Amino acid sequence: MGADTDVGSGSTRTGEFREEASRPEGDRDLPLSERITRNPGPAATWAAVVAVLIAAEFGAIVSGLLSVPPWGWVGGLVPGVVEPVAALLATVAERGAELPTITSRSVIDNTGYQTPSGWEGTTLGLSPAVAWALRVAVIYTYSFTWLLVGWWGYTLYRRHYRIPDWTPRDDVVNRFRRHSWGLFGLTIVFAFVVMALFAPVLGPTTVDQNIENPYENRIDYYNDETGQVESIFVGEANGDTQSRGQGDNNVGPLEYDQYDRFHPFGTLPDGKDLFTFMASGARVSLLVGLTSLGIAGGFAMVFAMLTAYYKGLVDLGVVIAGDSIQAMPQLLFIILASFVLSDTWIAEVYNGGLVLAILFGITGWPALWRAVRGPALQVSEREWIDAAKSYGQRPRVTMQKHMLPYVVGYFLIYASLSLGGVIIGIAGLSFLGLGIEAPVPEWGRAVSAGQPYVATQSWHISLIPGILVVIIVTGFNALGDGVRDAIDPESDIGDGGNENVAAGGGA
Amino acid sequence: MSRHARDDNVPLNADATSSRDLALEVENLRTVFHTEHEQIHAVDGISFNIRRGETVGLVGESGSGKSVTARSILGLIESPGEIDPASAIRFEGDNITEYTESEYESIRGDGIAMVFQDPLSTLNPVYTVGNQIKEALSLHQDLRGTAATERAIELLEEVGIPDAARRVTEYPHQFSGGMRQRAVIAMALACAPEVLICDEPTTALDVTIQAQIIDLLMDIQAERDLSILFITHDMGVIAEVADRVNVMYAGEIVESAPVEPLFAEPKHPYTRGLLRSIPSTQTSGDRLETIKGEVPTPNEPASSCRFAPRCPKSFEECSEVAPIPTAVGDDPDHDAACLLYPESMTTDEAVAHHRPADDGGEQ
Ligand code: SF4
């Protein structure tokens with residue numbers, strides 16, 4: 001074959017992960033399961049670590065997965081068949097929640113009271129602050145371990161099981177690993193997601209006990225005057241721990257109240273714990289944000305593929321539809337529509353969360369579609385699309401296989417940018433008293449509740465949620481920037497001309 | 001053949017071959033692009049055919065309409081382009097210009113496949129070469145999984161890629177230019193086509209690799225009895241590969257002939273110009289002659305010879321009468337569209353022969 005048998009310009013791109021030695025030859029056309037059977041060592045070690053991680057949180061994982069859908073509502077949809085199943089799953093979820101895990105509240109308990117002889121009720125007699133901090137540390141360490149194990153699994157796969165030594169995606173991953181701003185964004189987003197996932201155990205108290213049903217739960221405390229341990233309704237205790245700016249009416253960040261409850265972020269004006277409220281609010285924001293992005297993204301991607309592939313009239317139709325939606329002021333429309341829908345069954349799911357998600361989704365897709373339309377059109381002009389057509393590939397497969405992967409990267413960028421926007425939007429609506437209704441915690445409502453006290457010693461009520469929103473939105477933006485730079489359209493899917501000249505010369 | 005009678009642009013050789021031996025027949029193909037200001041007649045009434053197992057060359061400068069011809073055959077013309085409904089492209093007895101999109105899908109690949117100019121952009125960089133060959137295999141030979149991988153490796157070996165079992169799992173960027181074009185050819189072969197359109201398949205490659213790719217294509221053709229439409233701007237390549245040649249200029253075929261007479265006695269001034277620009281026909285040291293100027297954009301129906309502004313032999317009538325293909329030379333298959341022919345006539349007679357009003361023009 002003479003001169004053109006060399007590897008060409010591509011080989012120089014093979015990065016730091018080229019470790020061919022451990023990849024047995026002859027395994028190249030086997031399915032993954034076969035490749036693992038032939039060299040089970042690395043996979044087995046990894047699986048064992050994963051098993052330990054799962055075991056450590058088994059109950060929470062089961063209940064977490066099963067408790068996301070609103071079973072009561074799902075059961076109500078189709079009574080008869082679905083109802084018992086839904087009820088069963090809901091029970092399983094509850095049972096799962098009772099299984100102890102390393103992050104359970106009961107393993108490191110931060111609720112107790114101080115007697116003259118020391119702390120009673122807390123784990124090992126630690127102070128509630130230390131016990132709580134310890135639990136938070138365990139939760140974040142545990143989550144971070146998952147992140148590392150995930151990365152480790154990827155490198156194992158890359159080194160031992162993946163057939164090609166190099167794929168174009170490797171370059172993307174390597175570029176992102178060197179992108180410190182993107183990594184910063186990833187860290188923030190990761191911290192936020194962990195907060196949302198572990199909301200029930202992160203707070204010093206629970207939403208049920210402290211926020212939703214304060215008059216159904218009692219706590220013990222040590223009464224200095226009587227020298228006795230007494231019990232009180234949480235609601236009553238909350239009444240004495242309000243943060244209202246003046247005088248004694250304030251429990252600030254990192255303070256104990258008179259019932260020996262520790263408040264990392266202080267209390268709300270009604271005496272409820274702000275941190276518990278925030279953690280649970282993160283879950284709501286993320287859930288609504290992701291659902292709405294799922295809806296908007298679904299529309300945006302399908303339309304982007306269709307308009308880029310067929311162009312012409314299809315494109316025009318979507319442009320008109322998108323323009324008409326964008327011509328409406330988004331927040332006003334959402335306010336109006338959520339008001340109209342407020343008495344329907346759909347408004348009851350997640351206390352209006354689903355309605356918000358759907359409305360943000362429906363009004364949000366044109367912006368996302370516009371963002372990915374350019375890249376989609378660009379990729380549709382690529383010669384490999386023509387090549388796919390020229391050997392008779394069906395349009396749907398061409399779109400899915402040859403166009404979608406290029407657009408997904410851009411979609412992630414704009415999705416992470418607009419997720420921050422949706423979170424602000426939801427917070428803004430709750431700030432106005434719309435959207436997600438009390439008592440479901442939502443950050444915007446904390447900002448709104450604390451607004452009268454911004455200039456007082458109770459500044460924390462508005463400020464902490466406000467700052468957190470800013471940090472998280474910044475985090476999502478940074479992540480988006482990092483992904484964009486990692487995808488680096490110029491060097492990977494940019495014009496093939498230069499590459500080809502180089503390759504031809506090297507051939 | 002009643003169409004032919006009506007159609008004054010059909011070359012004489014169309015009737016010479018029975019349609020059974022024809023793999024592909026293009027008849028009076030017109031592809032027009034409608035832009036805001038004008039209509040571009042990118043392909044303006046060309047006719048040619050390809051017999052089974054034969055290589056037909058389509059040669060011309062860039063902008064002459066070669067690639068549009070290829071895309072028209074494959075039904076890849078998109079708005080604002082349009083194939084004139086009076087055109088016919090016959091493949092396996094059907095006029096495929098009348099096909100719906102889904103009918104077209106069924107002949108793309110296993111009927112007519114195409115090798116594009118730039119192998120890097122033809123291959124999708126995010127999938128392995130094997131994956132893309134297997135995609136074609138699953139579409140056209142219903143092979144999946146291990147069977148498809150094995151077949152893909154065989155195909156890569158067939159196109160001369162060493163260590164195919166390893167290369168099948170590599171990405172296009174890891175291949176050199178020549179190797180990529182081999183992979184693209186393997187992909188086309190995976191469709192097992194009857195007709196293979198090669199659109200400048202060697203242009204992006206350097207000279208030694210060009211020769212190898214051409215040898216490969218010729219080997220494959222002999223083995224599989226493929227019919228090839230070979231599109232290029234390079235007369236040197238055409239001399240090596242083609243059995244018959246169509247010279248295209250500004251949307252029209254100006255000369256068509258079997259390869260030997262074309263190179264031995266080129267008749268059309270444009271063909272002569274092209275041949276003078278090949279290095280091997282010149283004594284070394286001389287500067288190559290090039291045809292000055294550019295191919296004009298054919299933005300209105302032909303009312304003159306489109307080559308006239310660049311033609312060294314042009315005379316007054318060249319800008320008034322559009323020449324039609326006319327038998328020239330000794331070979332019955334040798335046609336040229338130039339007012340200088342037929343040679344047996346005086347210039348005035350010849351011009352009269354080409355004038356549209358003249359009924360007996362064809363003979
Ligand atoms: S018709 Fe006239 S201008 Fe055209 S090629 Fe012949 S001589 Fe030249």
Side-chain angles (χ1 to χ4, degrees), chain A residues 1-14 25-26 28-31 34 162-171 310-313 379 382-395 397 401-403 405-406 492-493 495-497 499-507, chain B residues 71 74 76 78-79 101 104-110 112-114 116-128 132 135-136 139-140 145-146 149-150 153 160-162 165-166 168-180 182 184 187-188 190-191 197 204-206 208-209 212:
Chain A
M1 278 314 109
D4 69 334
T5 55
D6 69 344
V7 184
S9 63
S11 64
T12 52
R13 298 165 143 261
T14 335
E25 287 295 327
R28 297 198 161 265
D29 50 346
L30 296 174
E34 276 290 306
R162 196 176 66 185
I163 298 173
D165 309 334
W166 173 87
T167 78
R169 294 262 186 266
D170 291 1
D171 288 355
Y310 291 108
K311 305 187 178 74
L313 278 181
V379 73
R382 293 277 166 188
E383 210 158 285
W384 65 76
I385 304 292
D386 273 347
K389 285 181 195 169
S390 82
Y391 58 73
Q393 188 52 279
R394 289 180 297 277
V397 182
K401 181 172 177 183
H402 294 292
M403 288 167 62
Y406 286 87
D492 257 352
I493 54 173
D495 72 84
E499 297 264 17
N500 190 62
V501 170
Chain B
R71 299 182 66 91
L74 270 172
L76 294 177
E78 281 170 0
S79 169
E101 184 57 26
Y104 238 122
E105 268 161 37
S106 67
I107 62 155
R108 286 186 199 136
D110 47 13
I112 307 171
M114 182 149 161
F116 291 82
Q117 171 171 355
D118 183 349
L120 181 59
S121 49
T122 309
L123 293 167
N124 188 336
V126 304
Y127 296 106
T128 60
Q132 299 180 62
E135 187 181 338
L139 271 173
H140 297 292
T146 323
T149 310
E150 274 163 19
I153 294 172
I161 290 183
R166 186 168 64 84
V168 78
T169 64
E170 289 190 343
Y171 288 82
H173 275 280
Q174 291 166 288
F175 277 52
S176 66
M179 285 293 143
R180 277 178 206 145
R182 288 173 191 269
V184 170
M187 221 164 116
C191 309
I197 301 177
L205 308 172
D206 68 18
T208 42
I209 314 289
Q212 293 174 11

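Being a predicted model, the structure only gives us computed values, none of them experimental. Chain identifiers are assigned alphabetically (A, B, ...) following the order of the sequence lines, protein sequences preceding nucleic acid strands; residue numbering begins at 1 within each chain.
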Inset, instruction - Name all residues meeting the side-chain contact (heavy atoms from CB on, under 4.5 Å) criterion together with Ile385(A); count only those two or more places apart in sequence or in a different chain, and write none if there are none. - result: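 In terms of side-chain contact (heavy atoms from CB on, under 4.5 Å), with neighbours along the sequence ignored, Ile385(A) is linked to Arg382(A), Lys389(A), Thr398(A), His402(A), Met403(A).
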
Inset, instruction - Indicate yes or no: does Arg394(A) engage Glu105(B) in a salt bridge with an N to O separation below 4.0 Å. - result: no

Does any heavy atom of chain A fall under 4.5 Å from the side chain of [X], the backbone, both, or neither of them?
X: Glu101(B); value: neither
X: Leu123(B); value: backbone
X: Thr122(B); value: both
X: Tyr104(B); value: neither
X: Ile197(B); value: neither

Legend entry - Minimum heavy-atom distance between Ser390(A) and Leu74(B), given as atom pair plus value: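 That closest heavy-atom pairing would be CB-CD1, 3.8 Å.
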
Side chain to side chain, [X] and [Y], heavy atoms closer than 4.5 Å:
X: Tyr391(A); Y: Met114(B); value: no
X: Asp170(A); Y: Tyr171(B); value: no
X: Pro125(B); Y: Tyr406(A); value: yes
X: Glu383(A); Y: Leu120(B); value: no

Inset, instruction - With rounding to the nearest 0.5 Å, note down the distance linking OG1 in Thr167(A) to NE2 in His173(B). - result: 11.5 Å

Legend entry - Greatest number of heavy atom pairs closer than 4.5 Å to chain B - which of Pro405(A), Gly312(A), Ala388(A), Ala387(A): Ala387(A)

Legend entry - Heavy-atom contact with chain B under 4.5 Å, split by part of Lys401(A): both

Inset, instruction - Just jot down the salt bridge (charged side-chain N to carboxylate O under 4.0 Å, His left out) partners of Asp386(A), sequence neighbours excluded, or say none. - result: Arg71(B)

